[in-house]
Amino acid sequence: MSVDDYNPDNPFALSSEDTARLEAIEQALLDPSPRRIGRLDQWGLADTYEVYAEIAEFRNLSIAMADGTMIDASLSVPRNLAPGQTCPAILMPAPLNDLGHRGYLGMIPHWALGGYAVLAFSQRGLARSEGEIHVAGPQDVADAAEIVDALVRIEGVDPERIGCFGASYGAGTSLLAAANDPRIKAVAGTSTWGDLFSSLYENGTRHLAAFEALVKLFKEERCSAEFKSVIQKIRGNIIDDEVRKFAGDRSPRNHLPAYNDSQVPILMTTAWHETIFSVPAVVDLFNGLTGPKSLLVQIGDHGNAELPGLLGLLSKPTAMAYRWMDHHLGGTAGDGAQPQFGVRSEYMHNLLSDLQHPDWESYALPGKRFHLAEAAAGEGDGQLTEDKPQSGWTRSLKATGKDTEAVVAPKLIQTGLAERAGLPHVYKTADIDRGLAAIWTTAPLEQPMRVQGEFELRVTVTPRATEATIVAYLMDCDPATGKAAIITHAPYTVTGQEPGRAATVTFPLQPAHYVLRKGRRLQLIVDTHDQFFADANRAPSTVDISSPLGSESYLDIPLHPLS
């Protein structure tokens, strides 16, 4: 998908070129005639599918669930297994798109060349599968177990060597299926989630833009009654026990005991500027696992990095998945290299960067405390200083319900895709209305630096209503131009507050890995509205940000010399 293919109605949509390629691949798999395979020449894929036709066979099928619901699926099995010979198998629940499991067609030859059988399927209610959407709920987990039943009945499939691979919706389904079914011996999930509740509701703030984009993609009319009820409650800001249970049932982090009892190997990937699922929740899940595990964090947004791999090209997430399954299931789909355990990461904005650490504890650098202080003489913006806590100042922000120049991402998914292409969004922070946002800035950096790890912000918020939302952003600012790039962010909503009463809040920002040039400044921006989040502010009103004695405001940044 290119940045130019942006579809405002569906930020997850594949380009017309990618869709045409997948359609041609499916036709060649179903009918490996010279005419069908020859059509793949325009993408340089004809040789690959000629080889595939010699070693494996492919067909579409429907699998009946216990309640009669028909699940749309496809099956690839090796040809000419010797008597008694068995092969490993990969189960692939679909990502969330209109193609369903056909979104994985480009991966089929890689698995087949590695000796795997592959059963890909669209979860009930998705794409061409019957039934209602349950969002990786207990019904989908039960369906996955029935589909594993069908997989192990296929002649030649080794029931002791079954892995599960999925992207996005398929990643969450894969993880939840593995928690329930001990026959799944390894999992790889790209752009996965760890906790659905924190992805929907971070620091008391609804992720409304991402939520509505997902609901639109699910197609609300196909959703179960339970999900429809939750949709309406989230829209109405009714975050009750039903919503919490719905999200909890669908959160892999809640199944840590099952993963740790089985010691199932788990590979997960996410992105630094992920706008769909919570990155801290994925990190928490990773940290809680005691079995073999690997975490890859890359530049960009949800689904950006693995997309070429899903289409049959090269990508770091799918290459890691092939190695992961080879190591744990005994196939040969990868390049023969050993899988990476621990944490593997890229840093902004270098796609060629590749850092490895044995665990998150050794990866995340300690924080350095910067105090939020008043402006220096002759300056308008506040200071981020390292010397001592600063109290006694107040900044008043107008809550108007309108965005400033500071936003998490102008476009879901696509802003991150441009970032992966080396075109991070440029923020003109010099143009931000200081009546709508408060800004604190460091002195120019005396040497190249990096931020690597986790952040924590403490501020005191005084709303003029019972609720108030603030959104914090940390930027890399060029003092010569006033232009900046985003490093990290987080929202926070104060609720049930007596108007005019101060509340001191402490909350994490998204983890990040970013390299800063000498002379740049770090810039903290706090405003009251972002199109990405639901806004609890009453407009027009005022929100004060302050630093009272004993509860001075600060920002902990994992800032260290680049060397």
Side-chain angles (χ1 to χ4, degrees), residues 55-66 69-94 101 104 107-124 136 138-166 170-189 252 255 257-267 289 291-293 321-334 339:
I55 64 170
E57 56 183 317
F58 176 90
R59 67 178 185 273
N60 288 325
L61 68 157
S62 294
I63 304 173
M65 299 293 97
T69 301
M70 302 303 293
I71 298 297
D72 184 43
S74 64
L75 176 67
S76 171
V77 292
R79 295 184 186 272
N80 305 320
L81 287 176
Q85 183 182 2
T86 61
C87 65
I90 300 295
L91 189 70
M92 296 205 295
H101 67 83
Y104 294 136
M107 298 183 71
I108 298 294
H110 290 273
W111 293 120
L113 288 167
Y116 292 87
V118 181
L119 179 56
F121 69 97
S122 301
Q123 298 88 314
R124 65 171 59 208
Q139 180 63 67
D140 295 305
V141 171
D143 288 347
E146 289 191 56
I147 293 168
V148 173
D149 291 341
L151 181 59
V152 299
R153 288 196 294 266
I154 296 169
E155 185 177 358
V157 168
D158 186 343
E160 298 299 317
R161 293 193 289 160
I162 294 174
C164 213
F165 171 88
T173 305
S174 295
L175 284 165
L176 292 161
N180 176 71
D181 195 331
R183 293 173 296 178
I184 297 173
K185 304 299 184 184
V187 181
H255 296 275
Y259 301 131
N260 292 340
D261 285 348
S262 68
Q263 295 287 287
V264 60
I266 294 177
L267 162 68
L289 293 169
K293 60 184 179 180
Y322 296 136
R323 293 175 191 166
W324 193 252
M325 295 304 180
D326 289 350
H327 181 80
H328 296 291
L329 303 179
T332 56

Which distance, rounded to the nearest 0.5 Å, do you find between the [atom1] of [X] and the [atom2] of [Y]?
X    : Y    : atom1 : atom2 : value
M325 : T332 : CE    : OG1   : 14.5 Å
S174 : I266 : OG    : CD1   : 10.5 Å
R124 : Q139 : CZ    : CD    : 3.5 Å
M92  : H101 : CE    : NE2   : 10.0 Å
T86  : I154 : OG1   : CD1   : 13.5 Å
L61  : F121 : CG    : CZ    : 11.5 Å

Identify the two heavy atoms, one from [X] and one from [Y], that lie closest to each other, and give their separation to 0.1 Å.
X    : Y    : answer
C87  : G115 : CB-O, 3.2 Å
A186 : H328 : CB-CB, 4.0 Å
A179 : H255 : CB-CB, 3.7 Å
G156 : L81  : CA-CD1, 3.9 Å
N260 : L289 : OD1-CA, 3.4 Å
A64  : E146 : O-OE1, 4.1 Å

Is there side-chain contact between [X] and [Y], with at least one heavy-atom pair below 4.5 Å?
X    : Y    : value
S74  : Y104 : no
Y259 : L175 : yes
P252 : L176 : yes
V157 : L119 : no
V187 : L267 : no
R183 : D149 : yes
I63  : D143 : no

Practice item. For residues 107-116, pull every pair meeting side chain to side chain donor-acceptor pair (under 3.5 Å), keeping only residues two or more places apart or in separate chains. Key: Y116-D326
Exercise for review: Using the test salt bridge (charged side-chain N to carboxylate O under 4.0 Å, His left out), find all partners of E57 that sit at least two apart in sequence or belong to another chain.
Suggested key: none
Check your understanding: Out of D72, D140, T173, which residue meets the side chain to side chain donor-acceptor pair (under 3.5 Å) rule with Q123?
Key -> T173
Practice item. Would you please test K185 and R161 for side chain to side chain contact (heavy atoms under 4.5 Å, CB included) and show each step? Key: CA-CA 6 Å; K185 304 299 184 184; R161 293 193 289 160; over 6 Å; no
Check your understanding: Short question: side chain of S76, backbone of F58 - any donor-acceptor pair under 3.5 Å?
Key -> no
